[in-house]
Amino acid sequence: MAGCLPVDQPFLDLARIATAWFDENARDLPWRHAEAGAWGVLVSEFMLQQTPVVRVEPAWRAWMTRWPDPAALAADTVAEAIRAWGRLGYPRRALRLHACAEAIVERHGGVVPDRLDDLLALPGIGAYTARAVTAFAYGQRQPVVDTNVRRLVARAVSGRPDAGPATTAADLTAVEALLPVQDRLAARASAAFMELGALICTARNPRCQDCPLWTGCAWRLTGSPAGSGPMRRPQRYAGTDRQVRGLLLAVLRESSGPVPAARLDLVWPEARQRDRALAGLITDGLVVAASGHRYALAGEASHRS
DNA sequence: GACTCGTGGGA
DNA sequence: TTCCCAAGAGT
């Protein structure tokens, strides 16, 4: 088999090597089990958007127990979805996942669609998540490009220390070219790329000693030059509207019903910023004003008093 | 494209 | 302690 042809470009074998490694080293994550189904995969992808695996796993288990299919979630309130989201961060994702479940019920009879176009049309599903579902839930051959894959390809294939800004179309083309022809093998390779990026080819302190791609890695072959560091100084979190939104929502999450405005006033001293944050939450559809100068999670059953 | 949007843990 | 950053999407 191997050796029939001279290998000018060893990384024609990248997918095969990565997959072989994956077979031995993949984490045993619950949404990778067949029982998780397409809904389980979809929920995991929503939760994993910018949230680490270790924090997602318990939340995912609770979520799937409570809402084992899209219809179950769609039948419950947005407020409960926001509460169950807990402290995963970016609570708008809970809102979108709920809306996504509703759309799946309405448009697809409660079955997570397997067509890329249908998935892309759903709330909260973008280029990455749509392809992740087609590949991981339905075994299709689609380029699944997340931050891990972009970094892995930038290094191993292009020899660059880091991936630049996401350029969706180009990234999709580049990764697609790396996939095996067969659907099932391609889907497996996609999972393998992500896992390699997450566990070995990490952003900081990559574990090149343990990397199966070491021999042919273009970055390693050029001496593993250092990157230029963070491109721009990210905004500090402390003192941002984001933090204030988080504080406000935490209060509402932990309350069973509408909360007096005076209670929300306690979370942040500056009224101007506090009001702006609250207005933003309302605009986003996470919070609604209730009677008697009170506020509640959106979709909360209103309590008369 | 540039921004915005939470949260918590590890280096 | 500070700072990076972790399976993105929407505007």
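As a basis for the values below, the full set of heavy atoms in this structure was taken, side chains included, without hydrogen atoms, waters or symmetry mates.
For the segment residues 261-281 of chain A, no residue has any heavy atom less than 4.0 angstrom from an atom of DNA chain B.
Residue whose closest nucleotide on DNA chain B sits further toward the 5' end, between A/Pro91 and A/Asn205: A/Pro91. Nearest-nucleotide positions on DNA chain B place A/Gly89 closer to the 5' end than the other of A/Gly89 and A/Val54.
A straight line from CD1 of A/Ile82 to P of B/dT7 spans 12 Å, rounded to a whole angstrom. Note: CZ (A/Arg245) to C1' (B/dC3) measures 13 Å, nearest angstrom. Atom CG of A/Leu249 is separated from atom P of B/dT7 by 7 Å (rounded to the nearest Å). If you take CZ of A/Arg87 and C1' of B/dG9, they are 14 Å apart, rounded to a whole angstrom.
Of the listed residues (A/Val157, A/Leu196, A/Asp13), just one forms a side-chain contact (heavy atoms from CB on, under 4.5 Å) with A/Leu213, and that residue is A/Leu196.
By the side chain to side chain contact (heavy atoms under 4.5 Å, CB included) test, A/Pro30 pairs with A/Glu57, A/Trp60, A/Arg61, sequence neighbours left out. Listed by chain and number, the residues in a side chain to side chain contact (heavy atoms under 4.5 Å, CB included) with A/Ala277 are A/Val244, A/Arg245, A/Leu248 (sequence neighbours excluded).
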Per-nt protein contacts along nucleotides 6-11 of chain C (heavy atom under 4.0 Å; B base, S backbone sugar-phosphate only, - none) come out as BBBSS-

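For the pair A/Arg220 and A/Trp214, the distance from NZ or CZ to the six-membered ring centre is under 6.0 Å and the angle to the ring normal is within 45 degrees.
Going from the P atom of C/dA7 to that of B/dA2 covers 22 Å, rounded to whole Å.
The ring pair (Phe, Tyr, Trp, His ring centres under 6.0 Å) analysis of residues 72-115 of chain A, with sequence neighbours excluded, yields the pairs A/Trp63-A/Trp85.
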Using atom types as modelled, flag every donor-acceptor pair under 3.5 Å from a side chain in residues 127-136 of chain A to any protein atom, sequence neighbours excluded.
residue	atom	partner	partner atom	Å
A/Tyr128	OH	A/Glu45	OE1	2.7
A/Thr129	OG1	A/Gln49	NE2	3.0
A/Arg131	NH1	A/Ala127	O	3.1
A/Thr134	OG1	A/Arg131	O	2.8

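A/Ala15 approaches A/Ala189 most closely through the heavy-atom pair CB-CB, 4.0 Å.
A salt bridge between A/Asp118 and A/Arg107 is absent, with no side-chain N of the basic residue lying under 4.0 Å from a carboxylate O of the acidic one.
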